[in-house]
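To start, the structure under review is shown below, and the notes come after it.
Count residues from 1 along the sequence. Just so it is clear, the model here is predicted, and its values are computed rather than measured.
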Amino acid sequence: MKLKSIFIILFASTFFSCGSKKASANMDEHINATNAYASKVDNGALISESIEGALTDADGFRDIGTFKQTVYFDGNTKQLLKINNVEKTTQTIDETYYYKEGNLVLISLLGPDIKSRMIYVKGSKAIHPTGAVDGREKILIEKGKRLRKEVLKNN
């Protein structure tokens, strides 16, 4: 009986230790594929449309800054590929959302407290090699989905 228990523990520990390496490899593959896709989008023949406007406070009465949103479509298929959203208040925040086949796949951030940050999205979740995910990422993913809906509704 003891030998059977030891065998089960050894098998389970071997199985789980190997499983994390495969998940890590899949994550690395996803990140590399996403980076390659974003590079292809950035270097592709795109059609762009821009809008600019004022950012207001939560009540909508006082201007607190400006925004400029540039939307990029594939030149041939007219499919939405990227949205660049720049918001200027006391600070400037530059967000770029990448879409593949209608799904958000990457968010690139630049700002005063953010030198450069990439948020990789799989499904509706942020993924990281380190496993670190914060609450702001969920908000940005929802914002990316909302921007996409608004763009498609208006075009």
Side-chain angles (χ1 to χ4, degrees), residues 12-58 60 64-155:
S13 65
T14 303
F15 178 76
F16 288 114
S17 68
C18 293
S20 65
K21 292 177 186 173
K22 184 175 182 184
S24 177
N26 286 342
M27 186 180 308
D28 290 343
E29 288 175 17
H30 178 76
I31 289 171
N32 291 337
T34 302
N35 286 336
Y37 174 75
S39 179
K40 182 180 172 184
V41 168
D42 290 339
N43 296 317
L46 305 177
I47 299 169
S48 65
E49 300 174 5
S50 295
I51 60 170
E52 296 182 49
L55 291 171
T56 60
D57 62 5
I64 58 171
T66 62
F67 76 92
K68 180 178 181 182
Q69 190 177 88
T70 306
V71 181
Y72 298 88
F73 297 93
D74 182 282
N76 298 321
T77 65
K78 309 295 188 245
Q79 182 180 17
L80 174 65
L81 298 178
K82 179 170 87 168
I83 298 173
N84 179 247
N85 186 56
V86 178
E87 298 177 359
K88 294 180 182 179
T89 55
T90 57
Q91 303 177 19
T92 299
I93 299 172
D94 187 334
E95 306 163 336
T96 303
Y97 299 86
Y98 291 86
Y99 303 89
K100 182 176 184 180
E101 298 171 2
N103 297 309
L104 179 64
V105 294
L106 178 66
I107 304 169
S108 172
L109 298 170
L110 294 171
D113 59 340
I114 309 165
K115 295 204 188 287
S116 178
R117 182 170 178 203
M118 306 295 262
I119 300 171
Y120 298 91
V121 181
K122 189 171 187 178
S124 291
K125 295 184 179 182
I127 61 169
H128 290 283
T130 62
V133 178
D134 63 22
R136 181 150 200 259
E137 292 174 345
K138 292 178 183 179
I139 293 168
L140 288 167
I141 290 170
E142 289 305 314
K143 184 177 181 179
K145 290 178 181 181
R146 188 182 74 246
L147 289 172
R148 179 185 171 274
K149 284 182 185 178
E150 290 174 12
V151 165
L152 294 178
K153 181 177 75 172
N154 293 328
N155 285 322

May I ask you to test the [X]-[Y] pair for a side-chain heavy-atom distance under 4.5 Å?
{"X": "M118", "Y": "L106", "value": "yes"}
{"X": "V121", "Y": "V105", "value": "no"}
{"X": "L109", "Y": "I107", "value": "yes"}
{"X": "S124", "Y": "K145", "value": "yes"}
{"X": "I47", "Y": "K78", "value": "yes"}
{"X": "I119", "Y": "Y97", "value": "no"}
{"X": "L55", "Y": "T89", "value": "yes"}
{"X": "F73", "Y": "L46", "value": "no"}

*Would you kindly say whether E95 and N85 are connected by a side-chain donor-acceptor distance under 3.5 Å?*
yes
How long is the straight-line distance from [atom2] of [Y] back to [atom1] of [X], given to the nearest 0.5 Å?
{"X": "K125", "Y": "E137", "atom1": "NZ", "atom2": "CD", "answer": "13.0 Å"}
{"X": "E49", "Y": "N154", "atom1": "CD", "atom2": "CG", "answer": "10.0 Å"}
{"X": "K68", "Y": "D94", "atom1": "NZ", "atom2": "CG", "answer": "10.5 Å"}
{"X": "I64", "Y": "K88", "atom1": "CD1", "atom2": "NZ", "answer": "15.0 Å"}

*asked:* Applying side chain to side chain contact (heavy atoms under 4.5 Å, CB included) to T96 and Y72, what does each step give before you reach the verdict?
replied: CA-CA 11 Å; T96 303; Y72 298 88; over 6 Å; no
Where [X] and [Y] come nearest, the two heavy atoms and their spacing:
{"X": "Q79", "Y": "G102", "value": "NE2-N, 3.8 Å"}
{"X": "I83", "Y": "L80", "value": "CG1-CD1, 4.0 Å"}
{"X": "S50", "Y": "T70", "value": "OG-OG1, 2.9 Å"}
{"X": "Y37", "Y": "Y99", "value": "OH-O, 2.6 Å"}

*State which residue, out of N84, I51, V86, fulfils the side-chain contact (heavy atoms from CB on, under 4.5 Å) condition with Q69.*
I51
*Is the closest basic N to carboxylate O distance between E150 and K143 below 4.0 Å?*
no
_Could you work out, with side-chain hydrogen bond (donor to acceptor under 3.5 Å, both in side chains) as the rule, every residue matching D42, not counting sequence neighbours?_
K82, Y98
*Answer yes or no: is there a donor N or O on one side and an acceptor on the other, between the side chain of T34 and the main chain of H30, under 3.5 Å?*
yes
*asked:* Could you walk me through whether L104 and R148 satisfy the side chain to side chain contact (heavy atoms under 4.5 Å, CB included) test, starting with their C-alpha distance in whole Å, then the side-chain angles of each, then the deciding distance to 0.1 Å, before giving a yes or no?
replied: CA-CA 9 Å; L104 179 64; R148 179 185 171 274; over 6 Å; no
